[in-house]
**Q** 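Quick one: the structure is below, and I'll ask about it shortly.
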There are 2 protein chains.
Amino acid sequence: MALTRESSAGYMTNWAARLFARELERQLAPSGIAPAYMPVLFALADGSALTQKELARRAAVEQPTMAATLNRMERDAMIIRTRDPEDKRSALVALTPLAQGKIETVERVVSAINELALEQLVPDERRQFIALLGRVIRVLEAQDGALGN
Amino acid sequence: MALTRESSAGYMTNWAARLFARELERQLAPSGIAPAYMPVLFALADGSALTQKELARRAAVEQPTMAATLNRMERDAMIIRTRDPEDKRSALVALTPLAQGKIETVERVVSAINELALEQLVPDERRQFIALLGRVIRVLEAQDGALGN
DNA sequence: GCCATTTACATAGCTTGCTATCTAAAAACA
DNA sequence: TGTTTTTAGATAGCAAGCTATGTAAATGGC
């Protein structure tokens, strides 16, 4: 079978992800929230404080990626890092009131974009889409875990 | 309804795309081909020469992104740019024999990764997955086109 | 024929991802 | 106790995406 971009799951997934990111960035811009801040925002929304390592795990990104994201969030006054007295290597990250105050807006934006993206799909197809993505992710995660890191 | 990453189409799509990219990079590394080179490789595989603008359109990336990709490909001796005598603003891009010689390998790698990613899905589900991605892309592209550029 | 507009590309600057590698603290163990 | 190993983060360096903006060539009116 012909290998066209339209029939390559990887190419299509990358393409869709870039379109999601563009739209998200556009809609989040006024709030001062960048897309990469979102997993951190949601993880700490309940007022808890977590380590960088735990945040990286939840966002499914590598440690240096999370370090850079937290640096930008700190610059933008979205988080504060406090040295962990129990373990001097690590810091506990918590949201500032500024960030707390933006969570609802972010949730609305995310819902709106998901709604837009899926607007041509009936409820059953939406569930299917999410479920299929989940199954693809599980396979690729297993592969990723199998070789190193 | 709860807004968890597992139920956000955007988050899941981004996650899947990153996993695809990691695996692709790993498997393409020995060949010296970076993932972003692929759309260029396939567009020029027949020996034709295209402008940067046309390559950007086919890869669905912005012009400066394609410019940077072509710079890296030139550095890696994958393409040659020849000034277009008809239009002194533009250059025609063609693959070098080095790049031509890698196309088959790249095709094999792409097929293998798509096969891996979809290995848990039956043929019908695979078609569904690609089709749903296509419909999501179409909606987001329309939105993107509607506001500027 | 000349000026205004459009077009093709270049460049600057930023985000978000990655790998590889370093440092310092904590934990394990001999 | 002292040494080795593991763990948490930091840092360097690169890829690949984006927007905004600049420049030079081509095009389109008038």
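To find a chain, count down the sequence lines: A is the first, B the second, and so on, and within it residues start at 1. This is a predicted model, so every value here is computed, not measured.
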**Q** Which comes earlier along DNA chain C counting from the 5' end, the contact point of B/Thr51 or that of A/Ala68, where each point is its nearest nucleotide?
**A** B/Thr51
**Q** Students often get this wrong, so: under 4.0 angstrom with heavy atoms, is B/Ala34 touching a base, only sugar-phosphate, or nothing?
**A**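 Touches sugar-phosphate only.
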**Q** Among C/dT15, C/dC18, C/dA25, which nucleotide has an atom closest to any side-chain atom of B/Arg18?
**A**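 Looking only at heavy atoms from C-beta outward on B/Arg18, the closest nucleotide is C/dC18.
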**Q** Below 4.0 angstrom from OP1 or OP2 of D/dA16, is there any side-chain N or O of B/Thr69?
**A** no
**Q** Would you kindly compare B/Glu86 and A/Arg89 by the position of their nearest DNA chain D nucleotide and give the one closer to the 5′ end?
**A** A/Arg89
**Q** What nucleotide, of D/dC18, C/dC18, C/dT16, holds the atom closest to the side chain of A/Arg22?
**A** D/dC18
**Q** Tell me which nucleotide among C/dT19, C/dG17, D/dA15 gets nearest to the side chain of A/Val61.
**A**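 Out of C/dT19, C/dG17, D/dA15, the nucleotide with an atom closest to A/Val61's side chain is C/dG17.
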**Q** Nearest to the side chain of B/Ala36, which nucleotide is it out of C/dA20, D/dA15, D/dG17?
**A** D/dG17
**Q** Is the shortest distance from a Lys or Arg side-chain nitrogen in B/Glu54 or B/Arg57 to a carboxylate oxygen in the other one below 4.0 Å?
**A**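 Salt bridge: yes.
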**Q** Calculate the interatomic distance between A/Leu24 atom CG and C/dG17 atom P; express it in whole Å.
**A** 11 Å
**Q** Measure the distance from CG on B/Leu92 to C1' on C/dA8 and round it to the nearest whole Å.
**A** 12 Å
**Q** Ignoring hydrogens and angles, answer whether the base of D/dA8 and the side-chain atoms of A/Gln63 contain a donor-acceptor pair closer than 3.5 Å.
**A**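 When only heavy-atom distances are counted, A/Gln63 does not reach the base of D/dA8 through any donor-acceptor pair under 3.5 Å.
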**Q** Measure the distance from CG on B/Leu50 to C1' on C/dC9 and round it to the nearest whole Å.
**A**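 Atom CG in B/Leu50 sits about 16 Å away from atom C1' in C/dC9.
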**Q** Rounded to whole angstrom units, what separation is found between the CD1 atom of B/Ile79 and the C1' atom of C/dC9?
**A**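 Rounded to whole Å, this separation is 13 Å.
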**Q** What is the distance from CG of B/Asn71 to P of C/dA8, rounded to the nearest Å?
**A**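 Distance, rounded to whole Å: 18 Å.
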**Q** Heavy atoms from C-beta onward define the side chain here; which of C/dA10, C/dT15, D/dA10 lies closest to that of B/Ala67?
**A**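 Per side-chain heavy atoms of B/Ala67, the pick is C/dA10.
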**Q** Hey, what do you get for OG (B/Ser8) to CZ (A/Phe42), rounding to the nearest 0.5 Å?
**A** 8.0 Å
**Q** Looking at B/Glu23 and B/Arg18, is any side-chain nitrogen of the basic one under 4.0 Å from a carboxylate oxygen of the acidic one?
**A** no
**Q** With respect to A/Leu132, which candidate in B/Glu125, B/Met12, B/Gln120 satisfies the side-chain contact (heavy atoms from CB on, under 4.5 Å) definition?
**A**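 Result: among B/Glu125, B/Met12, B/Gln120, B/Glu125 is the only option passing the side-chain contact (heavy atoms from CB on, under 4.5 Å) with A/Leu132.
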**Q** Closest to the B/Pro35 side chain: C/dT7, D/dA16, D/dA10?
**A** D/dA16
**Q** For A/Ser90, report the nucleic acid contact type (base, sugar-phosphate, nothing); a contact means any heavy atom under 4.0 Å.
**A** sugar-phosphate
**Q** Start at the 5' end of DNA chain D and walk down; is the nucleotide closest to B/Glu25 or to A/Glu54 reached first?
**A** A/Glu54
**Q** Would you say a side-chain N or O of B/Arg75 is under 4.0 Å from OP1 or OP2 of D/dA15?
**A**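 Yes, within the criterion.
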**Q** When you measure from the side chain of A/Lys53, which nucleotide among D/dA8, C/dC9, D/dA12 comes out closest?
**A**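 The answer is D/dA8.
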**Q** Need one value for A/Ala21: base, sugar-phosphate or nothing, where a base atom within 4.0 Å counts as base even if backbone is also close, heavy atoms only.
**A**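 If one applies the 4.0 Å heavy-atom cut-off, A/Ala21 turns out to touch nothing in the nucleic acid.
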**Q** For the side chain of A/Arg72, counting heavy atoms from C-beta on, which of D/dA25, C/dT15, C/dC18 is nearest?
**A**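 Shortest atom-to-atom distance from the side chain points to C/dT15.
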**Q** Nearest whole angstrom, please: distance from the P of D/dA10 to the CE of A/Met66.
**A** 12 Å
**Q** For residues A/Leu44 and A/Leu95, determine if any side-chain heavy atom of one lies less than 4.5 Å from a side-chain heavy atom of the other.
**A** yes
**Q** Looking at B/Glu62 and A/Arg22, does any basic side-chain N land under 4.0 Å from a carboxylate oxygen?
**A**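 A salt bridge is present here (some side-chain N lies under 4.0 Å from a carboxylate O).
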**Q** Assess whether a salt bridge exists between A/Glu119 and A/Arg126, defined as any Lys/Arg side-chain N lying under 4.0 Å from an Asp/Glu carboxylate O.
**A** no
**Q** Measure from CD on B/Glu62 to P on D/dT21 and round the result to the nearest Å.
**A**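 Distance, rounded to whole Å: 15 Å.
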**Q** Can you tell which of C/dG17, C/dA10, D/dA16 lies closest to the side chain of B/Gln52?
**A**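 For B/Gln52, the side-chain atoms sit closest to C/dA10.
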**Q** Tell me which nucleotide among C/dC9, D/dA16, C/dA26 gets nearest to the side chain of A/Lys88.
**A** C/dA26
**Q** What's the OH-P distance between B/Tyr37 and D/dC14, to the nearest Å?
**A**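 My rounded result for the distance is 13 Å.
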